[in-house]
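Working notes, beginning with the structure itself.
Just so it is clear, the structure is predicted and the values come from calculations on it, not from any experiment.
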Amino acid sequence: MALDKRFLNVILLGFAFMFVFTAFQTMGNIEKTILESINAEDPSFEGDGYTSLAVIYAVFAVCNWLAPSIISVTGPKIAMLIGAVTYCLFIASFLLPRTWLLYLASCVMGFGAAVIWTGQGNYLTLNSDSTTISRNSGIFWAMLQASMFLGNLFVYFQFQGKTQIDADTRLIVFIVLLVVAAVGIVFLLLLRPAQRADGELERREEGGPLNALKRAFVLLLTKEMLLLSITFFYTGIELSFFSGVYSPSIGFTKRMGENVKQLVGLSGIFIGLGEVVGGAFFGIMGPKTIRWGRDPIVMVGFLIHMASFFLIFLNLPNSSPFGDTDEAAFITSNAYVAILCSFLLGFGDSCYNTQIYSILGGVFPEDSAPAFALFKFTQSVAAAASFFYSSHLGLHAQLGILVVLAVVGTISFCFVEWAARSKKSKGYNGAIDDPDLSDGTMPNNR
């Protein structure tokens with residue numbers, strides 16, 4: 001019965017994040033396009049979509065160091081509720097387009113992102129064990145990424161036949177996304193206290209917020225976390241690329257036809273579809289794939305991403321991230337190829353992220369809050385850097401950065417996975433090598 005209650009917690013968590021991120025991921029996918037339209041109507045508005053997203057991820061990165069301390073006081077449920085409210089505030093800020101308000105809301109949401117994601121990782125781990133972490137990670141990821149499918153399907157029809165997104169259309173989109181985010185908050189309110197396998201409820205960390213911060217610093221210096229940080233960094237770069245750069249780049253490529261703006265939403269739909277297919281597959285197959293290890297799945301993601309980067313390189317012009325362009329690509333820009341790449345980007349991303357969730361819950365079960373905080377810290381630093389350079393580097397340079405980091409990040413993940421498998425086969429019960437985190441002198445997060 002305890003296991004059933006824990007799985008129900010995971011499902012409720014998945015629904016909550018699906019609705020909150022239906023709102024935000026749709027907003028992130030269309031933000032550059034929306035703000036270009038606002039600027040065309042009101043030249044005094046100087047807000048930039050890439051800069052807004054860069055601010056979000058920069059603040060997100062800094063606040064990840066505070067998130068474990070906050071969770072040690074509030075617990076994961078309250079932390080996630082606080083975070084979800086900031087997402088609503090960010091979307092609401094678009095109802096009154098002011099440059100200063102856009103960037104202030106971006107800062108507030110960056111803080112919220114840190115606490116909601118660290119709380120999520122902690123809550124998911126508390127409701128999982130070594131036999132269910134892969135399944136739970138896959139199912140949660142599939143439910144989360146259904147957000148991209150649902151939200152962008154709505155945007156696809158709203159943007160149909162439009163070259164500029166008018167004020168009435170924008171208002172409808174913003175209000176609908178706000179309502180959807182509010183539904184996600186309702187599901188967060190329904191979450192029950194996290195349960196361990198023995199049926200005991202979660203316990204707040206006895207050492208308090210300062211101890212939680214210390215644990216995060218100690219964990220960062222372990223060999224496993226340093227290696228995984230390279231993988232985290234890659235996922236941050238490719239996250240910013242597919243969530244904020246690639247879809248607008250399709251919409252700016254005028255050689256794809258008159259209805260090219262409509263493809264922005266369609267691209268988001270297929271990115272989400274790829275994420276859902278990958279997450280659902282790895283969730284269903286979790287008990288089987290865990291026997292083979294996590295590295296084959298990550299390698300599949302690597303190959304899929306390499307194929308998609310090559311096709312994007314051929315299909316979209318170098319200037320496509322910057323605005324409407326008539327520049328020719330290496331081949332005749334093709335909408336079908338562009339949307340295929342959207343699906344491949346999503347599926348490949350699910351390969352990496354489901355296995356990262358699994359390895360963090362498996363290798364650092366006693367330190368889930370700081371482990372997930374460090375994951376999101378590194379990922380958000382990378383995403384912030386990517387959004388900053390996206391306004392200045394052409395598409396080809398951005399793809400080159402992605403290829404290099406994909407190679408290094410995949411190799412580093414495999415090293416950690418092989419080391420963890422070797423320790424398990426030898427009957428090693430500790431999570432990491434650092435004595436400060438394994439000698440029992442510091443209390444765990446449960």
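- Environment of CZ in Phe45: crowded, with over 12 heavy atoms of neighbouring residues, nucleotides or ligands closer than 6.0 Å.
- Remark: Phe415 CZ is loosely packed, at most 12 non-hydrogen atoms of other residues, nucleotides or ligands lying under 6.0 Å away.
- Expressed to the nearest 0.5 Å, how far CE of Met27 lies from OG of Ser93 amounts to 8.0 Å.
- Listed here is the closest heavy atom pair of Ala329 and Leu316: CB-C, 3.6 Å.
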(Q) Please determine whether side-chain contact (heavy atoms from CB on, under 4.5 Å) holds for the pair Phe15 and Leu190, giving the CA-CA distance in whole Å, both sets of side-chain angles, and the decisive distance to 0.1 Å. (A) CA-CA 11 Å; Phe15 274 117; Leu190 294 176; over 6 Å; no
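- Without hydrogens or angle criteria, Asn122 side chain to Thr118 main chain gives no donor-acceptor distance under 3.5 Å.
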Q: Any chance you could lay out the side-chain contact (heavy atoms from CB on, under 4.5 Å) test for Ile237 and Phe241, step after step, and finish with the verdict?
A: CA-CA 6 Å; Ile237 295 292; Phe241 180 75; 5.7 Å; no
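- Of all heavy-atom pairs spanning Ile230 and Ser412, the tightest one is CB-OG, 3.6 Å.
- With rounding to the nearest 0.5 Å, the separation of CZ in Phe21 from OH in Tyr87 is 3.5 Å.
- When all heavy atoms of Phe174 and Ile91 are compared, the pair lying nearest together is O-CG2, 3.8 Å.
- Heavy atoms only, all atoms of each residue included: Ser308 and Cys341 are closest at O-SG, 3.8 Å.
- Here the side chains of Asn353 and Phe375 are in contact, with some heavy-atom distance below 4.5 Å.
- Residues Phe90 and Phe24 have side chains in contact (heavy-atom distance under 4.5 Å, counting atoms from C-beta outward).
- Tyr246 contributes a side-chain N or O that, together with a main-chain N or O of Ala338, makes up a donor-acceptor pair within less than 3.5 Å.
- Judged by distance alone, with hydrogens and angles left aside, the side-chain atoms of Asn9 form no donor-acceptor pair with the main-chain N or O of Asn127 at under 3.5 Å.
- Counted by atom type alone, Tyr352 and Thr410 present one or more donor-acceptor pairs between their side chains at under 3.5 Å.
- Residues Thr99 and Tyr103 form a side-chain contact, since some pair of their non-hydrogen atoms from C-beta on lies under 4.5 Å apart.
- Taking 4.5 Å as the limit, some side-chain heavy atom of Ser333 sits within range of a side-chain heavy atom of Pro317.
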Q.
ring pair (Phe, Tyr, Trp, His ring centres under 6.0 Å), that's the test. Do Phe19 and Phe187 meet it? Break it down for me.
A. CA-CA 9 Å; Phe19 283 104; Phe187 273 99; 5.6 Å; yes
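- Atom CD1 of residue Ile401 and atom CZ of residue Phe309 lie 11.5 Å apart, to the nearest 0.5 angstrom.
- With no hydrogens or angles considered, no side-chain donor-acceptor pair links Thr253 and Ser320 at under 3.5 Å.
- Here the side chain of Ser386 pairs no donor or acceptor atom with the backbone of Ala382 at under 3.5 angstrom.
- In this structure, the side chain of Asn315 engages the main chain of Asn334 through a donor-acceptor pair within 3.5 Å.
- When ring centroids are compared, Phe17 and Phe140 come within the 6.0 Å threshold.
- Using a 4.5 Å heavy-atom threshold, the side chains of Tyr234 and Leu402 count as touching.
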Q | Stepwise side-chain contact (heavy atoms from CB on, under 4.5 Å) test for Phe60 and Val381 | A | CA-CA 8 Å; Phe60 185 5; Val381 165; over 6 Å; no
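- Proximity of a side-chain donor or acceptor of Asn318 to a complementary backbone N or O of Leu395 within less than 3.5 Å is detected.
- Between Arg98 and Glu46 there is no salt bridge, since none of the side-chain N atoms of the basic residue sits less than 4.0 Å from a carboxylate O of the acidic one.
- In the model, Ser52 has a side-chain atom that pairs as donor or acceptor with a side-chain atom of Ser106 under 3.5 Å.
- In this pair, Phe310 and Phe313 present their aromatic rings parallel. The plane angle is below 30°, not in the 30 to 60° band.
- Rounding to the nearest 0.5 angstrom, the gap separating the CZ atom in Phe270 from the CG atom in Leu263 is 10.5 Å.
- Put simply, the side chain of Thr235 reaches to within 4.5 Å of the side chain of Gln379, judged on heavy atoms.
- Nearest heavy-atom pair, Leu188 versus Met80, reported as atom, atom and distance to 0.1 Å: CD1-O, 3.6 Å.
- Counting heavy atoms from C-beta outward, Asp48 and Leu35 have side chains that stay 4.5 Å or more apart.
- Side-chain atoms of Thr86 and Ile116, non-hydrogen and from C-beta on, never get closer than 4.5 Å to each other.
- Checked by atom type and distance alone, the side chain of His305 never pairs as donor or acceptor with a backbone atom of Ala406 at under 3.5 Å.
- Ser249 and Val245 make their closest contact through OG-O, 2.7 Å (heavy atoms, listed as atom of the first residue, atom of the second, distance).
- In the model, Glu275 has no side-chain atom that pairs as donor or acceptor with a side-chain atom of Ser350 under 3.5 Å.
- If you take NZ on Lys77 and CG on Leu12, they are separated by 10.0 Å, rounding to the nearest 0.5 Å.
- Side-chain rings of Phe330 and His396 approach one another, their centers coming within less than 6.0 Å.
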Q: Apply side-chain contact (heavy atoms from CB on, under 4.5 Å) to the pair Tyr57 and Leu239, showing each step before the final yes or no.
A: CA-CA 11 Å; Tyr57 283 101; Leu239 165 69; 3.7 Å; yes
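- Thr26 contributes no side-chain N or O that, together with a main-chain N or O of Ala23, makes up a donor-acceptor pair within less than 3.5 Å.
- The only member of Asp295, Ile297, Leu360 that meets side chain to side chain contact (heavy atoms under 4.5 Å, CB included) when paired with Gln355 is Ile297.
- One finds the CE atom of Met306 at 12.0 Å from the CG atom of Leu344 (value rounded to the nearest 0.5 Å).
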